[in-house]
Amino acid sequence: MADTSSSLYKVAIASTDGESVNQHYGKSEKFYIYSIDDEVGYDLTEERLVQAVCQNGSHIIEEMNKSVSQFLDCKYIAASRIGDGALSVMNKNGITGMELPGSIDDAILKIWKYNRIQNLF
């Protein structure tokens, strides 16, 4: 029997309206958390409120670490924009950040395809 544990994961989406990926990671105060099963589909499981960490383009590394730590249960974070500092902290924590502006459905489809390809290797 194949191991299906890698086909279950969570994605955090930076959005103001729950319809589109329309927020910069560091400026977002709300993330929509989706549980994805590569074999079945996806469901919205939570709306997570956080404190925005971007202050006029500058960041404090401790605050960025704290911000990313709120998503350690997620494999991916999608936003309209993600700065290099945030991407670096995400990568150090095993999270893949993706800039995917547009509809949430399209972003999840792209993440699903990316995850499937990653699991081939």
Side-chain angles (χ1 to χ4, degrees):
M1 177 181 274
D3 176 19
T4 59
S5 62
S6 63
S7 70
L8 302 171
Y9 52 95
K10 288 183 180 180
V11 175
I13 307 272
S15 176
T16 59
D17 59 11
E19 301 285 327
S20 58
V21 183
N22 61 0
Q23 281 288 109
H24 181 286
Y25 172 80
K27 295 180 181 177
S28 187
E29 296 180 343
K30 183 188 285 188
F31 287 82
Y32 291 80
I33 309 299
Y34 287 84
S35 291
I36 298 178
D37 182 329
D38 280 346
E39 307 304 321
V40 179
Y42 64 92
D43 289 306
L44 175 65
T45 57
E46 177 186 355
E47 291 180 23
R48 193 171 294 177
L49 299 177
V50 300
Q51 184 172 352
V53 293
C54 186
Q55 305 299 325
N56 299 319
S58 64
H59 309 94
I60 300 170
I61 192 64
E62 293 83 15
E63 292 298 317
M64 189 62 70
N65 286 331
K66 182 179 172 185
S67 173
V68 171
S69 74
Q70 298 174 93
F71 301 103
L72 294 178
D73 60 328
C74 297
K75 187 171 181 178
Y76 300 100
I77 296 175
S80 61
R81 296 273 301 138
I82 304 174
D84 291 339
L87 279 173
S88 176
V89 174
M90 288 176 196
N91 289 337
K92 287 178 186 173
N93 284 283
I95 300 169
T96 301
M98 297 181 165
E99 291 184 354
L100 296 171
S103 78
I104 287 177
D105 289 336
D106 286 347
I108 289 176
L109 179 60
K110 289 174 184 174
I111 292 168
W112 175 80
K113 287 178 181 178
Y114 177 86
N115 193 67
R116 298 282 291 194
I117 291 167
Q118 295 304 304
N119 286 336
L120 293 175
F121 300 102

Contact list for residues 101-121, test salt bridge (Lys or Arg N to Asp or Glu O under 4.0 Å), sequence neighbours left out: Glu39-Arg116

Indicate, with yes or no, if Val53 and Ile61 share a hydrophobic cluster defined by side-chain heavy-atom contacts under 4.5 Å among Ile, Leu, Val, Met, Phe, Trp and Tyr. yes

OG1 on Thr16 to NZ on Lys27, rounded to 0.5 Å: 13.5 Å

Spatial distance of atom NZ (Lys75) from atom OG1 (Thr96) [nearest 0.5 Å]: 7.5 Å

Which heavy atom of Tyr9 sits nearest to which heavy atom of Trp112, and what is that distance? OH-CA, 3.7 Å

Heavy-atom closest contact (Ala107 atom, Val21 atom, distance): CB-CG2, 3.7 Å

Does Asp37 form a side-chain contact (heavy atoms from CB on, under 4.5 Å) with Ser7? I'd like the steps, not just the answer. CA-CA 5 Å; Asp37 182 329; Ser7 70; 3.9 Å; yes

Stepwise side-chain contact (heavy atoms from CB on, under 4.5 Å) check, Tyr76 with Asn115: CA-CA 9 Å; Tyr76 300 100; Asn115 193 67; 2.7 Å; yes

Where is the tightest heavy-atom contact between Ser67 and Tyr25, given as atom of each residue plus distance? OG-OH, 2.6 Å

Assigning hydrophobic clusters by single linkage (Ile, Leu, Val, Met, Phe, Trp, Tyr; side-chain heavy-atom cutoff under 4.5 Å), is Leu72 placed with Phe31? yes

Taking every heavy atom of Ile33 against every heavy atom of Cys74, the minimum-distance pair comes out as CD1-SG, 4.2 Å

Roughly how far apart are Gln70 CD and Leu49 CG, rounded to 0.5 Å? 10.0 Å

How far does NZ of Lys30 sit from CD of Gln23, to the nearest 0.5 angstrom? 10.5 Å

Which residues share a salt bridge (Lys or Arg N to Asp or Glu O under 4.0 Å) with Asp73, sequence neighbours left out: Lys10, Arg48

I'd like to know whether Ile104 forms a side-chain contact (heavy atoms from CB on, under 4.5 Å) with Tyr34, so could you lay out the CA-CA distance, the side-chain angles of the two residues, the decisive distance to 0.1 Å, and finally the verdict. CA-CA 10 Å; Ile104 287 177; Tyr34 287 84; 3.6 Å; yes

Working for side-chain contact (heavy atoms from CB on, under 4.5 Å), residues Asp38 and Asn119: CA-CA 11 Å; Asp38 280 346; Asn119 286 336; 4.0 Å; yes

Minimum heavy-atom distance between Ser28 and Ser15, given as atom pair plus value: OG-N, 4.2 Å

Side-chain donor or acceptor of Asp17 paired with backbone N/O of Glu19 under 3.5 Å: yes

To the nearest 0.5 Å, how far apart are CD1 in Ile77 and CE in Met98? 11.5 Å

Closest approach of Val50 and Phe71, non-hydrogen atoms and distance? CG1-CZ, 4.0 Å

Below 3.5 Å, can you tabulate the donor-acceptor pairs from side chains in residues 81-89 to any protein atom, sequence neighbours excluded?
residue : atom : partner : partner atom : Å
Arg81   : NH1  : Glu99   : OE1          : 3.2
Arg81   : NH1  : Glu99   : OE2          : 3.2

